[in-house]
Number of protein chains: 2
Amino acid sequence: MFMVQFVHPPRSEISLAGVLGALADPMRLRIVKSLAAQSDCMSCTEAAPCPDMAKSTLSNHFRILREAGLIRTSKQGVQHRNVLREEDINARFPKLLKMILSYPE
Amino acid sequence: MFMVQFVHPPRSEISLAGVLGALADPMRLRIVKSLAAQSDCMSCTEAAPCPDMAKSTLSNHFRILREAGLIRTSKQGVQHRNVLREEDINARFPKLLKMILSYPE
DNA sequence: TCAATAGTTCACTAGTATTGAACTATTGAA
DNA sequence: TTCAATAGTTCAATACTAGTGAACTATTGA
């Protein structure tokens, strides 16, 4: 009877290396772009960058984004609600996120 | 009698994931900051982020920066001349480098 | 009660990072 | 010329990280 606990670093512990490392993967970048395009939250499968990715791989990508401080995950019924921690990232590294997401590739 | 050949991707092949991945390491970020602060080139040991790092590790970091398209290396005598490919990066991802290097950590 | 759904965790394999040791290439001095 | 010093690279070994199928947990709805 163990609830899944999500690890979210506080704003002050979000590191540049962590953020860059999390975004340095085409799949994770697409996940973040999807989340940035949404005003509200998305489930993991909604934000999945491609349909044929293994569930465990997707789950791992979300964990990496979460632990880097890029997204916040909460549980809502059977799904997970993922939101971009835009304010926290902007407070820590102003304009970085917007700039990275602005490049076409 | 094999000359060491350096791999430098052309500007068009510099990828965002490659650049972010290369910069997503505190040691490599420090190397790039050192190079950005210099107007001319630096040898590998001059740009070394800390004195106790193994030579092979340092060499590997420079290789990663080179293959990501962040630096250009040429041989000059017994040393290697490393320069930041600022124009190429700026052409490909405007303002990204300056922004990343501007954060204090 | 039981099946379906949404993710996580585990175990395995494959790729990548760090490092000491050995190697290559260049320079400068005896 | 010969030899040592210097600057990096390459190799081999170990340790860590990513991708994936299979098994598992938790929630919902029939």
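Here is how names work: the chains are called A, B, and so on, in the same order as the sequence lines, proteins then strands, and each is numbered from 1.
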What is the distance, rounded to the nearest whole Å, between atom [atom1] of [X] and atom [atom2] of [N]?
{"X": "Phe6(B)", "N": "dG8(D)", "atom1": "CZ", "atom2": "P", "value": "9 Å"}
{"X": "Lys75(A)", "N": "dT8(C)", "atom1": "NZ", "atom2": "C1'", "value": "9 Å"}
{"X": "Gln79(B)", "N": "dA5(D)", "atom1": "CD", "atom2": "C1'", "value": "13 Å"}
{"X": "Phe62(A)", "N": "dT8(C)", "atom1": "CZ", "atom2": "P", "value": "8 Å"}
{"X": "Asn60(A)", "N": "dC10(C)", "atom1": "CG", "atom2": "P", "value": "13 Å"}

Using residues 51-61 of chain B as the side-chain source, report each donor-acceptor pair under 3.5 Å to any protein atom, sequence neighbours left out, with the distance given to one decimal.
residue, atom, partner, partner atom, Å
Asn60(B), OD1, Arg63(B), NE, 3.3
Asn60(B), OD1, Arg63(B), NH2, 2.6
His61(B), ND1, Arg28(B), NH1, 3.1

Partners of [X] by side chain to side chain donor-acceptor pair (under 3.5 Å), sequence neighbours excluded?
{"X": "Arg11(B)", "result": "Asp88(B)"}
{"X": "Thr45(B)", "result": "Ser43(B)"}
{"X": "Arg30(A)", "result": "none"}
{"X": "Glu87(B)", "result": "none"}

Within [range], find the residues that approach DNA chain C with a heavy atom at under 4.0 Å, and present them sorted by residue number.
{"range": "residues 19-38 of chain A", "value": "none"}
{"range": "residues 44-59 of chain B", "value": "Ala54(B), Ser56(B), Thr57(B)"}
{"range": "residues 64-74 of chain A", "value": "Arg66(A)"}

Qualifying salt bridge (charged side-chain N to carboxylate O under 4.0 Å, His left out) pairs, either residue in residues 90-103 of chain A, two or more places apart: Arg92(A)-Glu105(B)
Kindly give the heavy-atom pair with the smallest separation between Gly69(A) and Ile89(A), and that separation in Å.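 Here Gly69(A) and Ile89(A) meet closest at O-CD1, 3.5 Å.
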Closer than 3.5 angstrom, by distance alone: can the side chain of Asn82(B) be matched with the main-chain N or O of Met42(B) as a donor-acceptor pair?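 Answer holds: yes.
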Counting C-beta onward and ignoring hydrogens, is there a side-chain heavy-atom pair between Val19(B) and Leu97(B) closer than 4.5 Å? no
Mind checking side chain to side chain contact (heavy atoms under 4.5 Å, CB included) for Val83(B) and listing every partner two or more places apart, or none if nothing turns up? Cys41(B), Arg72(B)
Residue pairs fulfilling ring pair (Phe, Tyr, Trp, His ring centres under 6.0 Å) with at least one residue in residues 86-105 of chain B, sequence neighbours excluded: Phe93(A)-Tyr103(B), Tyr103(A)-Phe93(B)
Test ring-ring contact (aromatic ring centres under 6.0 Å, His included) applied to His80(B) and Phe62(B), step by step: CA-CA 10 Å; His80(B) 290 188; Phe62(B) 274 94; 8.8 Å; no
Test applied, side-chain contact (heavy atoms from CB on, under 4.5 Å); reference residue, Leu70(A); option that passes from Ile31(A), Ile14(A), Leu23(A): Leu23(A)
Would you say His80(A) reaches dA26(D)'s phosphate, i.e. side-chain N/O to OP1/OP2 under 4.0 Å? no
Side-chain N or O of His61(A) closer than 4.0 Å to phosphate OP1/OP2 of dG19(D): yes
Reading 5' to 3' and counting Watson-Crick or G-U wobble pairs with both distances under 3.5 Å, write the dot-bracket notation for DNA chain D, | for bases paired outside the strand. ||||||||||||||||||||||||||||||
